[in-house]
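Position 1 is the first residue of the sequence; numbering continues from there.
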Amino acid sequence: MARRRSSFITHLGFSQDQGCFTCCLTSGLRVYNVDPLVEKSHYSKEEVGEVTLCEMVFRTNWLLLVRARRPCCLLLLDDRRRGYAAEVLFKSPIRALRARKDKVAVVLPSSIQVLSLPNLQRVALLRTPATPRPLCALATDHNAVQILAAPAHRKGSLQLLDVSRAVKGAHSSSPAVVSCHQSELVCVSVAATGSKLATASRRGTIIRLWDTVTKQLLHELRRGSDHAEVYCISFNPDASLVCCVSDKGTLHVWAARGTGRHVCSAAAPPHRSLCSFSDDRTAIVVCEDGTFHKFSFSAEGNCHRNEFEYFLQPLDARWKASAKVCRRCPRSAISR
């Protein structure tokens, strides 16, 4: 059922509670609810242009986005007003965004800047090495330690920083460095609670779980024996489960507590995709070929796909429909 990747999709991303996902397009932007799969917002190219990155701020009306024609500019879009509330200019292109309700981490080629929301004032700065992938992960639970994970200068290592202790406009306290793998890191995920960290290297055979407090290895989760490109690793909200997808076309689910046992695996699209949990017995895979997959699994290891749908149809007439063009109304313009 898989098909060729849609050339219209430029980026996919789940909301922090994993209940929604955004689809950035050469023709605009869409926001979908996961359960049930329903389109919530639709922006045409006339409204927002070609969108290359978008990060939801939970289920609030705030959407953080980057457009292709202005890759150094971060825009804060008010979905309720359908207009821009603020923008920030950087000196280099924005590679990735990671948000929580009060902050957003902006990944640049050689640094990560943490901005407060919604005023987009800088509260922390972390220097990072240039990496092929824009790696960054941020704990999103409001009551959790605000752990930010980013590549360290030593190959296979991560910096862990508590951004709640940051000083405005300056470096934070020195980050802790964790040596995770011998080869280059390609995927990083922090649990919403901030208690656990998951990493994968270029080999892609093992997912490692770490305790962010003690910096100790908790589990080594075997994905397979063949090298693979891990696309996504995701925890459920209480960090009791973790899942991953790769170019091998398999979804894996493990218990992140106790012995770290392998719960189940199922065939998934080999295309670049994202995975998440909608609850403790349901995993979601959203793929850049425009497909949506829902898997149900049990504690005994049984797993089956019970929903498959194209959330995006290239010939959908709605792509050609032009909504009312939103009036650009920046409340602030800050140069970084």
Side-chain angles (χ1 to χ4, degrees), residues 5-16 20-34 37-90 92-99 104-109 113 115 117-118 120 133-134 136 231-232 271-274 286-292 310-331 333 336:
R5 171 182 169 178
S6 170
S7 60
F8 298 100
I9 298 177
T10 58
H11 182 265
L12 292 169
F14 279 104
S15 62
Q16 294 81 8
C20 297
F21 68 93
T22 57
C23 177
C24 302
L25 301 160
T26 56
S27 59
L29 174 69
R30 289 190 181 187
V31 180
Y32 295 89
N33 187 72
V34 168
L37 179 63
V38 177
E39 183 182 298
K40 293 172 61 66
S41 294
H42 180 111
Y43 289 86
S44 67
K45 189 172 184 177
E46 290 75 15
E47 293 178 286
V48 295
E50 179 181 343
V51 182
T52 56
L53 291 172
C54 182
E55 179 82 352
M56 297 184 69
V57 184
F58 282 85
R59 287 180 178 265
T60 67
N61 57 307
W62 299 120
L63 293 169
L64 294 152
L65 58 91
V66 178
R67 297 184 301 190
R69 290 198 173 185
R70 301 185 69 194
C72 300
C73 182
L74 173 64
L75 297 164
L76 180 62
L77 177 65
D78 186 337
D79 189 42
R80 186 177 295 120
R81 292 177 52 247
R82 295 185 72 85
Y84 297 115
E87 68 177 54
V88 182
L89 297 174
F90 296 89
S92 52
I94 300 168
R95 303 185 68 202
L97 300 169
R98 297 291 182 268
V104 57
V106 182
V107 182
L108 303 171
Q113 294 194 29
L115 312 181
L117 290 174
L120 299 183
R133 285 196 186 187
C136 179
Y231 294 141
C232 179
H271 304 281
R272 188 170 295 276
S273 55
L274 299 179
V286 178
C287 184
E288 283 190 352
D289 69 346
T291 58
F292 174 91
Y310 286 106
F311 66 86
L312 195 64
Q313 294 287 352
L315 299 180
D316 191 338
R318 290 174 297 176
W319 279 35
K320 301 177 183 178
S322 298
K324 293 181 181 178
V325 177
C326 65
R327 290 171 296 188
R328 189 177 178 198
C329 183
R331 294 179 182 170
R336 296 294 182 211

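The two atoms that bring Gly28 and Val48 nearest to each other are CA-CG2, 3.9 Å, heavy atoms only. Residues Leu25 and Ile9 approach most closely at CD2-CG1, 3.9 Å, considering heavy atoms. Closest non-hydrogen pair, Arg98 versus Cys136, comes out as NE-O, 3.1 Å. Contact record, Gln16 with Ala99: NE2-O, 2.8 Å, taken as the closest heavy-atom pair. Here the closest heavy-atom approach between residue Val51 and residue Leu65 is recorded as CG1-CB, 4.2 Å. For Cys72 against Pro93, the heavy-atom pair with the smallest separation is SG-N, 3.5 Å.
From His11, atom NE2 reaches atom OG1 of Thr22 across 6.5 Å, with rounding to the nearest 0.5 Å. With rounding to the nearest 0.5 Å, the separation of CG in Asp78 from OG1 in Thr60 is 9.0 Å. The CG atom of Leu274 sits 6.0 Å away from the CZ atom of Phe14 when rounded to the nearest 0.5 Å. Between the CD atom of Glu288 and the CG atom of Leu312 there is a distance of 11.5 Å, given to the nearest 0.5 Å. Distance CZ/Phe292 to OG/Ser273: 13.0 Å, rounded to 0.5 Å. Going from atom CZ of Arg67 over to atom CG of Leu53 covers 13.0 Å, rounded to the nearest 0.5 Å.
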Next item on the list: Check the pair Val31, Asp79 against side chain to side chain contact (heavy atoms under 4.5 Å, CB included), reporting the backbone distance first and the verdict last.
Entry: CA-CA 10 Å; Val31 180; Asp79 189 42; over 6 Å; no

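Residues Cys54 and Leu63 meet the side-chain proximity criterion, which asks for heavy atoms closer than 4.5 Å. Within the 4.5 Å cutoff, no side-chain heavy atoms of Val88 are placed close to those of Val106. Contact check for Tyr43 versus Arg82: side-chain heavy atoms found under the 4.5 Å cut-off. Two residues are said to be in side-chain contact when any heavy atoms from C-beta on lie closer than 4.5 Å; Leu89 and Arg70 meet this criterion. You'll find the side chain of Leu76 stays beyond 4.5 Å of the side chain of Val104, heavy atoms only.
Under the side-chain hydrogen bond (donor to acceptor under 3.5 Å, both in side chains) rule, Asn33 has a single partner from Glu39, Lys40, Arg59, which is Arg59. Between Tyr32 and the choices Ser41, Cys23, Ser15, the side-chain contact (heavy atoms from CB on, under 4.5 Å) rule is met once, by Cys23.
Distance alone, capped at 3.5 Å, places no donor-acceptor pair between the Thr10 side chain and the Thr26 backbone.
Proximity of the aromatic rings of Phe21 and Phe311 is defined here by a centroid distance below 6.0 angstrom, and this criterion is met.
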